[in-house]
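Here the structure is a predicted model, which means the values were calculated and not measured. Heavy atoms only: backbone and side chains are in, while hydrogens, waters and symmetry mates are out. This chain uses plain numbering: 1 for the first residue, then up along the sequence.
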Amino acid sequence: MRLYAVVAAGGFRRYATYRVATAAGVFTNTVFGFILAYTYIALWDERPQLGGYDQSQALTYVWLGQALLMTCAMMGGGFEDELIERIRTGDIAIDLYRPADLQLWWLAGDLGRAAFHLLGRGIVPMVLGALAFDLALPVSPLTWVAFLVSVVLGVVVSFAVRFLVALSAFWLMDGTGVMQMCWLAGLFFSGMLLPLNLFPGLLGDVARALPWSSLLQVPADVFLGTHTGWDLVRAYAFQGGWALVLLAAGRVLQSVATRRVVVQGG
């Protein structure tokens, strides 16, 4: 496990070197946060308690979305571009012959990336949002801890989805199209555009049952105190279940791809 801890630390340092890009990202997240916040204010003025949130909770949801946008890579921007390129060029063969698990290697690096984005691009917009608006911030430290656990589970689910997308390049040779469809689905079904609680009927039920809801909707509801007690356990079970299923699917696909590389190499 020491190897993967080093990889995670390396992933953190890698993204920490891009200071100008981080500053630009903080600025962009903050600007879009203000735009969305005033949009939500207008919407909640017309429809108070929409989706079960009061206006303060709705504004908190906006700024949580800005904090978790890059943390959970809802628009991509993680390891997948590099992995797809290594598959396309054939360099992936070197990775498969290394004495390290391919999936765990990339997961460790992605956890390091997520940790940096949570600290580097998540805290500042959230603080600025709290200064400008009346946000529903948790009082109990346990709620903050529960939220962080949910965020970690969301990051793992996000990684598992993007790992599957990247492995599709073994058969498609270019995973760009699949990746774009994935991040479009991530934006819509994570609740980034609108809370999933606002989706009507069957669409809302389906959206909340898909893995992308683990990226924002579930952590936001944990933060807002919607999930407590056994509801919190069920929320963790939902995220953890999707993480296990998707990671297992990734291992199966990785195994098939490895056999393909070995056969072609032989």
Flag, side chain of [X] to backbone of [Y], donor-acceptor distance under 3.5 Å:
X: S190; Y: L216; value: no
X: Y236; Y: A146; value: yes
X: T22; Y: Y18; value: yes
X: T71; Y: A67; value: yes
X: S214; Y: P211; value: yes

Flag the pair [X] / [Y] as yes when at least one side-chain heavy-atom distance between them is below 4.5 Å, and no otherwise.
X: V157; Y: F238; answer: no
X: F79; Y: F163; answer: yes
X: L153; Y: W242; answer: no

Checking [X] now: which residues fulfil salt bridge (Lys or Arg N to Asp or Glu O under 4.0 Å) with it, not counting sequence neighbours?
X: R13; answer: none
X: D231; answer: R234
X: D205; answer: R208

What side-chain donor-acceptor pairs closer than 3.5 Å can you find for residues 114-130, not counting sequence neighbours?
unit_1	atom_1	unit_2	atom_2	d
R121	NE	N29	OD1	3.3
R121	NH2	N29	OD1	3.2

Thinking salt bridges, do E82 and R14 make one under a 4.0 Å N-O criterion? yes
If every non-hydrogen atom of A37 is compared with every non-hydrogen atom of L59, which pair is closest and at what distance? O-CD2, 3.4 Å
Each residue besides [X] in its hydrophobic cluster should be listed here, by chain and number; the cluster joins Ile, Leu, Val, Met, Phe, Trp and Tyr at side-chain heavy-atom distances under 4.5 Å.
X: V31; answer: F27, I35
X: W230; answer: V233
X: V20; answer: none

Take a 6.0 Å sphere around CZ of F32 and say whether it holds more than 12 heavy atoms from other residues, nucleotides or ligands. no
If the condition is side chain to side chain contact (heavy atoms under 4.5 Å, CB included), which residues does [X] pass it with, not counting sequence neighbours?
X: V245; answer: none
X: F188; answer: L193, F199
X: W44; answer: Y40, L50, Y53, Q55, A58, L198
X: A235; answer: V218, H227

Side chains of S56 and D54: donor-acceptor distance under 3.5 Å anywhere? no
Could you tell me how the ring of F34 sits relative to the ring of F133: parallel (under 30°), tilted (30 to 60°) or perpendicular (over 60°)? tilted
Test side chain to side chain donor-acceptor pair (under 3.5 Å) applied to R251 - qualifying residues, sequence neighbours left out: D101, Q103
